[in-house]
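Below, chain A is the first sequence line, B the second, and so on; all start at residue 1.
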2 protein chains.
Amino acid sequence: MASIRDVAKQAGVGVGTVSRALNGTGYVSPDTKKKIEKAVRKLGYTPNELARNLYRNRTGIVGVMVPDLDHPFFSCLAKHIEMELYRQGYKTMICNTIGISDREKDYLDMLDRNMVDGIITGAHSLDGEEYLKRKKPIVSIDREFGPGIPLIGSDHAMGGRMAAELLVKNGCRKVLQVSGVAPGVAAQERHSVFKQVMQEQGVETLDMVMDWNVFDWNAHYEGMEKFLGRHPDIDGVFGGDMAAIACMNAVLQKGIRVPEEVKIIGFDGMDVTRMVYPRLTAVRQNVQLLAELCVNTLLDLVEERKGVPHRQILDVEMQFGGTTL
Amino acid sequence: MASIRDVAKQAGVGVGTVSRALNGTGYVSPDTKKKIEKAVRKLGYTPNELARNLYRNRTGIVGVMVPDLDHPFFSCLAKHIEMELYRQGYKTMICNTIGISDREKDYLDMLDRNMVDGIITGAHSLDGEEYLKRKKPIVSIDREFGPGIPLIGSDHAMGGRMAAELLVKNGCRKVLQVSGVAPGVAAQERHSVFKQVMQEQGVETLDMVMDWNVFDWNAHYEGMEKFLGRHPDIDGVFGGDMAAIACMNAVLQKGIRVPEEVKIIGFDGMDVTRMVYPRLTAVRQNVQLLAELCVNTLLDLVEERKGVPHRQILDVEMQFGGTTL
DNA sequence: CTGTTAGCGCATTCAC
DNA sequence: GTGAATGCGCTAACAG
């Protein structure tokens with residue numbers, strides 16, 4: 001493995017000169033530059049980024065934490081975050097927390113060890129204090145940690161209201177809402193707003209609470225089947241894309257018609273809502289924009305730019321499918 | 001940021017002693033160990049992994065390249081790879097190549113810069129030579145690069161045969177096969193075997209070729225609609241999960257019944273095949289095992305264990321759904 | 001058992 | 001313009 005010293009020797013110059021020539025910092029005569037380039041080619045020299053990292057005390061790596069990479073929303077989010085980070089010259093280290101707070105903590109620790117320059121977190125199983133005590137940049141999706149940790153998220157309240165109003169307009173009288181347990185996470189807001197609107201309209205609301213970190217398809221489907229057995233008379237459903245689709249399948253399985261007898265609305269609006277038949281009506285998050293904001297906000301912190309907003313909330317929109325009238 | 005030297009000074013010992021105490025290498029008297037631990041706590045010392053990386057010339061990071069993170073198969077694969085790497089004490093750096101060979105090359109370059117200890121690649125848009133000239137560990141999924149780069153994959157030939165035989169048994173006479181252009185990739189084998197079996201059985205086969213790196217849902221759906229317009233009389237379809245589902249939707253949209261009039265079989269057998277109604281019959285890959293083999297094989301190379309197999313092919317199995325008889 | 005020293009490979013002073 | 005020297009923080013080899 002050729003080092004910069006080998007190149008210097010080969011070119012008959014000093015290491016400093018090689019460094020300057022290669023990084024374009026400081027003046028180097030065209031003549032010696034040629035010699036250096038030739039030596040580089042001859043030795044097949046590539047700078048060792050580890051040494052550079054140590055010197056700069058930075059790696060150019062950003063950690064991204066999600067509860068489950070194999071989930072329509074988070075895989076889409078991770079994809080767009082990675083693309084935007086790449087575009088800005090950073091690399092992405094990914095972590096599936098799958099609800100295990102130890103994993104979340106392990107990755108946070110990498111901040112202290114300087115392995116990552118910052119972290120974007122969409123995983124929320126770990127205590128907030130663990131986040132607050134870190135000294136390096138962190139950006140959170142959908143969860144308010146407190147000062148120092150900017151929050152990026154969709155307008156869940158708006159989404160909950162839109163879904164509720166659409167179900168009311170569709171004439172629903174008894175609806176199911178599927179939610180997850182996630183303390184302090186903005187997603188909860190859509191459930192409370194949804195419920196409130198329903199109450200105001202005199203529509204009965206039932207709740208089904210799933211473990212926040214269980215994104216497993218079977219768990220959703222089985223839970224839904226059981227629920228339908230106990231409450232066969234619901235005429236509307238609101239839940240995450242996967243819960244909504246699980247519900248749709250369970251309903252169709254029982255020979256109930258969608259949307260005539262049961263209306264269904266999902267939240268997230270990922271590709272999978274367009275893969276089912278009929279297409280799922282869903283409140284759609286702008287995941288790409290969400291990803292870009294996360295990256296830009298985090299890099300503002302990493303590169304110490306001023307005036308980083310603490311709170312950025314994105315509008316959602318209704319994507320009409322065939323599961324509502 | 002406290003360094004090891006600060007700890008040594010605080011504890012009134014030498015840096016070597018601190019290093020030994022913290023790493024459990026070499027003997028340290030219980031007494032001085034106490035003092036060191038106390039100093040560590042007092043200063044809130046955390047070892048700087050960058051320095052360690054430089055010394056060891058390793059980072060404990062493995063690069064994972066996939067064409068599209070937001071694709072049912074690759075997101076599932078990436079998830080399981082990350083989990084297995086984590087279990088074995090490594091971190092995962094992810095790369096979406098989205099068909100751009102420059103990105104693939106950029107990440108390969110990280111091997112030379114020592115940013116990653118090895119790479120697992122499921123992305124195949126870049127020329128094979130670029131891979132072969134690297135000196136550090138690489139493991140490939142579904143593509144044969146040549147000596148030095150172990151191949152892990154599913155038995156695509158077996159899958160193609162199983163699908164063909166099932167469609168024949170279902171009485172199909174004119175089938176569509178959706179494939180992707182991917183030179184040298186094992187997935188091609190399932191298409192050739194499928195076609196061959198069909199020919200032997202006197203069943204007509206039509207081909208629809210999608211760009212290998214286009215995993216976009218709309219592209220699939222629109223392509224399928226157009227195809228159905230030209231060939232409304234097909235009675236069987238075989239393609240990746242997404243292509244199969246796109247086909248199913250397009251068919252249902254035209255009021256054609258599945259499986260009575262058209263039988264459909266997917267390849268991959270991811271969760272999404274269970275989200276559609278009826279459930280998609282599909283050839284199922286064992287993604288978790290695939291991921292674990294990739295990780296184990298790569299780490300065998302990284303940690304220089306002997307006798308690493310060059311070729312590991314996993315069986316696939318038929319997952320019966322409601323899109324075949 | 002423990003302190004000191006010499007690199008790991010690079011970027012950056014500071015003299016020349 | 002350029003070379004030599006210094007340090008980033010840590011580990012391992014070497015004297016004590």
Side-chain angles (χ1 to χ4, degrees), chain A residues 1-40 43-61 109-117 135-136, chain B residues 1-40 43-61 109-117 135-136:
Chain A
M1 191 74 74
S3 86
I4 196 172
R5 206 137 41 209
D6 302 321
V7 175
K9 203 175 296 171
Q10 175 74 33
V13 300
V15 290
T17 312
V18 176
S19 176
R20 280 182 301 247
L22 264 42
N23 295 302
T25 159
Y27 299 97
V28 171
S29 84
D31 193 42
T32 58
K33 189 175 267 184
K34 291 280 178 231
K35 285 194 296 187
I36 289 172
E37 281 165 2
K38 190 172 153 198
V40 164
L43 297 173
Y45 169 74
T46 312
N48 183 343
E49 203 144 347
L50 303 187
R52 207 176 251 165
N53 286 347
L54 175 58
Y55 184 83
R56 306 199 173 165
N57 200 32
R58 299 202 8 202
T59 58
I61 300 176
D109 283 344
M110 287 192 205
L111 283 173
D112 301 333
R113 292 203 228 100
N114 300 311
M115 277 297 287
V116 294
D117 296 341
K135 302 209 160 76
K136 289 201 164 184
Chain B
M1 191 75 74
S3 85
I4 197 172
R5 206 136 41 209
D6 301 323
V7 175
K9 202 175 295 171
Q10 175 75 33
V13 300
V15 289
T17 312
V18 175
S19 177
R20 279 182 302 248
L22 263 41
N23 294 301
T25 158
Y27 299 96
V28 171
S29 83
D31 193 43
T32 59
K33 190 176 266 181
K34 292 278 179 235
K35 283 194 296 189
I36 289 171
E37 280 164 3
K38 190 173 154 197
V40 164
L43 298 174
Y45 168 74
T46 312
N48 183 342
E49 203 145 348
L50 302 187
R52 207 176 252 166
N53 286 346
L54 175 59
Y55 183 83
R56 305 204 167 139
N57 200 33
R58 301 203 6 200
T59 58
I61 300 176
D109 284 343
M110 287 192 204
L111 283 173
D112 301 334
R113 292 202 229 101
N114 300 310
M115 277 297 288
V116 294
D117 297 341
K135 302 207 161 77
K136 288 199 165 187

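Using a 4.0 Å heavy-atom cutoff across all strands shown, A:N53 reaches no nucleic acid atom at all. In this structure, A:N57 reaches neither bases nor backbone, as no heavy-atom distance under 4.0 Å exists between it and the strands shown.
Separating the CG atom in B:L43 from the CD1 atom in B:I4 is a distance of 12.0 Å, to the nearest 0.5 Å. A:L22 contributes atom CG, which lies 8.0 Å from atom CD of A:E37 (distance to the nearest 0.5 angstrom). With rounding to the nearest 0.5 Å, the separation of CG in B:N23 from CZ in B:R52 is 5.0 Å. Here the straight-line distance linking atom OG1 of A:T32 with atom NZ of A:K34 works out to 10.5 Å at 0.5 Å rounding.
The CZ-C1' distance, from B:R58 to D:dA12, rounds to 17 Å in whole Å. Rounded to an integer number of Å, the gap from NZ of B:K9 to P of D:dG9 is 12 Å. Atoms OH (A:Y27) and P (D:dT2) sit 13 Å apart, rounded to a whole Å. Computed from coordinates, the A:R113 CZ to D:dC10 C1' distance equals 14 Å when rounded to whole Å. Atom CG of B:L50 is separated from atom C1' of D:dT11 by 15 Å (rounded to the nearest Å). When rounded to the nearest whole Å, the span between CD1 of B:I4 and P of D:dG7 equals 18 Å. Between the C1' atom of D:dG9 and the CG atom of B:L22 lies a distance of 13 Å, rounded to the nearest Å. A straight line from CZ of A:R56 to P of D:dG9 spans 16 Å, rounded to a whole angstrom.
Listed for the B:T59 side chain is a donor-acceptor partner under 3.5 Å among the backbone atoms of B:M115.
Nearest to the side-chain atoms of A:L54 among the listed nucleotides D:dG3, D:dC10, D:dC8 stands D:dC8. Picking from D:dA12, D:dG9, D:dC8 the nucleotide with the shortest atom distance to the side chain of B:T25 gives D:dA12. Comparing D:dC8, D:dT2, D:dT11 against the side chain of A:S29 picks out D:dT2 as the nearest.
Ranked by how close their nearest DNA chain C nucleotide is to the 5' end, B:V13 and A:E49 are led by B:V13.
Contact annotation: B:R52 reaches the phosphate of D:dT11 (side-chain N/O to OP1 or OP2, under 4.0 Å).
Protein chain A contacts DNA chain C from C:dC8 to C:dT13, reading 5' to 3' and using non-hydrogen atoms of the protein with a distance under 4.0 Å.
Taking only distance into account, the side chain of B:R5 never meets the base of D:dG7 through a donor-acceptor pair shorter than 3.5 Å.
Summarising the local packing, NZ of B:K136 is surrounded by more than 12 heavy atoms from other residues, nucleotides or ligands at distances under 6.0 Å. A 6.0 Å sphere centred on CZ of B:R113 holds more than 12 heavy atoms belonging to other residues, nucleotides or ligands.
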